[in-house]
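As structure tokens, the structure follows; a few thoughts come after it.
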Number of protein chains: 2
Amino acid sequence: MNANADAEAATARFQIGEVADRTGVTQRTLRFYEEKGLLRPPERMDGGFRLYSENDVTRIGYIKQLQDLLGFTLSEIKDMVEAEDLLQQMSATRRPDRELPERLQRSEQILGALTKQLDVVEHKVEHLTLLREELRAKMTRVTQRRTEILNALEQEQAVSEL
Amino acid sequence: MNANADAEAATARFQIGEVADRTGVTQRTLRFYEEKGLLRPPERMDGGFRLYSENDVTRIGYIKQLQDLLGFTLSEIKDMVEAEDLLQQMSATRRPDRELPERLQRSEQILGALTKQLDVVEHKVEHLTLLREELRAKMTRVTQRRTEILNALEQEQAVSEL
DNA sequence: TAGAACCTTCACGTGGACGACAATGTTGGT
DNA sequence: ACCAACATTGTCGTCCACGTGAAGGTTCTA
């Protein structure tokens, strides 16, 4: 029953500086991400200072990962986190007061987004896997050559020791 | 014994325009790639016109694939095709007249490059696979929600039909 | 009430990946 | 010998992505 109690309750908030320190992303970049729709606008203090949640921090890490490790562009990442947002909203907003058709449409929309993403990811996986196999094949070829050479060297060694 | 016979022999050559047409890459880009070290300088006609081999054409396709499908940058791709070059050289230049230690070193060098590449690729595969699983999990969650909603709608329907 | 931390806005920078000429040279066919 | 088609190098421009910097003002906290 306190489903949205812990959503709103005493979860810690951080100012931008701290978030920057913790995530290794500059303040400037955090604002930039917000501007680009990668981060939902965080809460603000009365004076206008941004207040990030733990969740936001996690998200920033996620973004970095997608970017650095997987080479997605920011706009691709935007699509991903947007779907993520919808998803969270859907789960959080368990309001049966909404019209059912509306909620249905919502679900389909999210499904669509997810499907598109999955497509992209699966294609990438497929191609990368292929590439990996090629690389492995090459490696074994080279390794073989190398052992041949090593053997030849041993031979030489043996001969010279006579 | 005609190992390098077919390497040098009557393999077809193409001018840049034809290559551009066949690969869908502009002439400008081909020259650009060459400049950046992505393509080995091709042979030239007496007048200086570039003459590409079938092999080069293949390579260009490879590059495009790495770029478009896998999102590698040109400089990453450069590293990859450089290793590829070494590999081909090694295979082509089957000259036992070379000093063995030299050839050994060569092999190790290539192995190093390949290992590095493989590392990158494997990391990417790993992360992408993880991401894929997450996406799938989300999809099933949403799909479930959707069927719940559909059921609810049916109920409503049934009720209204009384 | 000082000084550190934050705010917005506007502009600027950088690197990657080409595109667009321009002026000149080459090739192949008639 | 000539012309159209094709290439050459070189320079400059462009467009996007991904930020960065700095100015000038506001808020927080000791």
Side-chain angles (χ1 to χ4, degrees), chain A residues 12-53 56-57 59-82 120 124, chain B residues 12-53 56-57 59-82 120 124:
Chain A
R13 304 282 134 145
F14 316 92
Q15 289 187 218
I16 197 169
E18 192 171 352
V19 173
D21 289 350
R22 283 183 57 191
T23 61
V25 171
T26 69
Q27 303 186 14
R28 192 68 190 75
T29 300
L30 289 175
R31 298 195 189 101
F32 175 71
Y33 283 175
E34 183 181 335
E35 198 179 338
K36 290 286 167 183
L38 283 159
L39 295 172
R40 296 162 307 185
E43 296 172 39
R44 303 282 188 132
M45 297 166 70
D46 286 354
F49 285 22
R50 268 163 259 248
L51 281 182
Y52 294 92
S53 70
D56 291 327
V57 175
R59 167 96 128 234
I60 293 157
Y62 185 53
I63 292 173
K64 271 290 141 200
Q65 210 190 352
L66 287 177
Q67 198 192 16
D68 299 344
L69 275 47
L70 299 177
F72 287 104
T73 71
L74 289 191
S75 86
E76 285 171 318
I77 296 175
K78 184 186 168 189
D79 293 347
M80 301 199 162
V81 296
E82 267 174 3
V120 172
K124 277 205 181 183
Chain B
R13 304 284 134 145
F14 317 93
Q15 290 186 217
I16 197 168
E18 193 172 352
V19 174
D21 289 350
R22 282 183 58 191
T23 62
V25 171
T26 70
Q27 302 187 15
R28 178 67 185 80
T29 301
L30 290 174
R31 299 197 187 98
F32 176 72
Y33 284 176
E34 183 181 336
E35 198 180 332
K36 291 286 169 184
L38 283 159
L39 295 172
R40 296 162 308 186
E43 295 171 43
R44 303 280 189 133
M45 299 166 69
D46 287 353
F49 284 23
R50 268 163 261 248
L51 282 181
Y52 295 92
S53 70
D56 291 328
V57 175
R59 166 95 128 235
I60 292 157
Y62 185 54
I63 291 173
K64 270 290 140 200
Q65 210 191 352
L66 288 177
Q67 196 192 18
D68 299 344
L69 276 48
L70 300 178
F72 287 103
T73 72
L74 289 191
S75 87
E76 285 172 318
I77 296 175
K78 184 186 168 190
D79 294 347
M80 301 200 162
V81 296
E82 268 173 1
V120 173
K124 276 204 180 184

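Throughout, protein chains are lettered first and strands after them, A, B, ... in sequence-line order, and every chain is numbered starting at 1. Bear in mind that the values here come from a model prediction, so they are computed numbers and not experimental data.
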Report task. Compare all side-chain heavy atoms of A:Phe32 with those of A:Leu74 and state whether any distance is below 4.5 angstrom. Result -> yes
Requested in this report: Answer yes or no: does atom NZ of A:Lys36 have more than 12 heavy-atom neighbours from other residues, nucleotides or ligands under 6.0 Å?
Outcome: no
Query raised in the report: Could you give the CZ-to-C1' distance, from A:Arg13 to C:dA5, as a whole number of Å?
Result: 20 Å
Requested in this report: Mark up nucleotides 6-26 of chain D, 5' to 3', with B wherever a protein heavy atom is under 4.0 angstrom from a base atom, S wherever such an atom reaches only the sugar-phosphate, and - elsewhere.
Outcome: BSBB--------SBBB-----
Query raised in the report: Taking all non-hydrogen atoms of both residues, which atom of A:Leu70 and which atom of A:Lys124 are closest, and how far apart?
Result: O-NZ, 3.8 Å
Report summary line: Atom CZ of B:Phe14 and atom C1' of C:dT27 are separated, to the nearest Å, by 18 Å
Query raised in the report: Within a strict 4.5 Å, meaning less than it, do heavy atoms of the A:Leu38 and A:Arg59 side chains meet?
Result: no
Requested in this report: Quick one: closest heavy-atom pair of A:Glu34 and A:Pro41, and the distance?
Outcome: OE2-CA, 3.7 Å
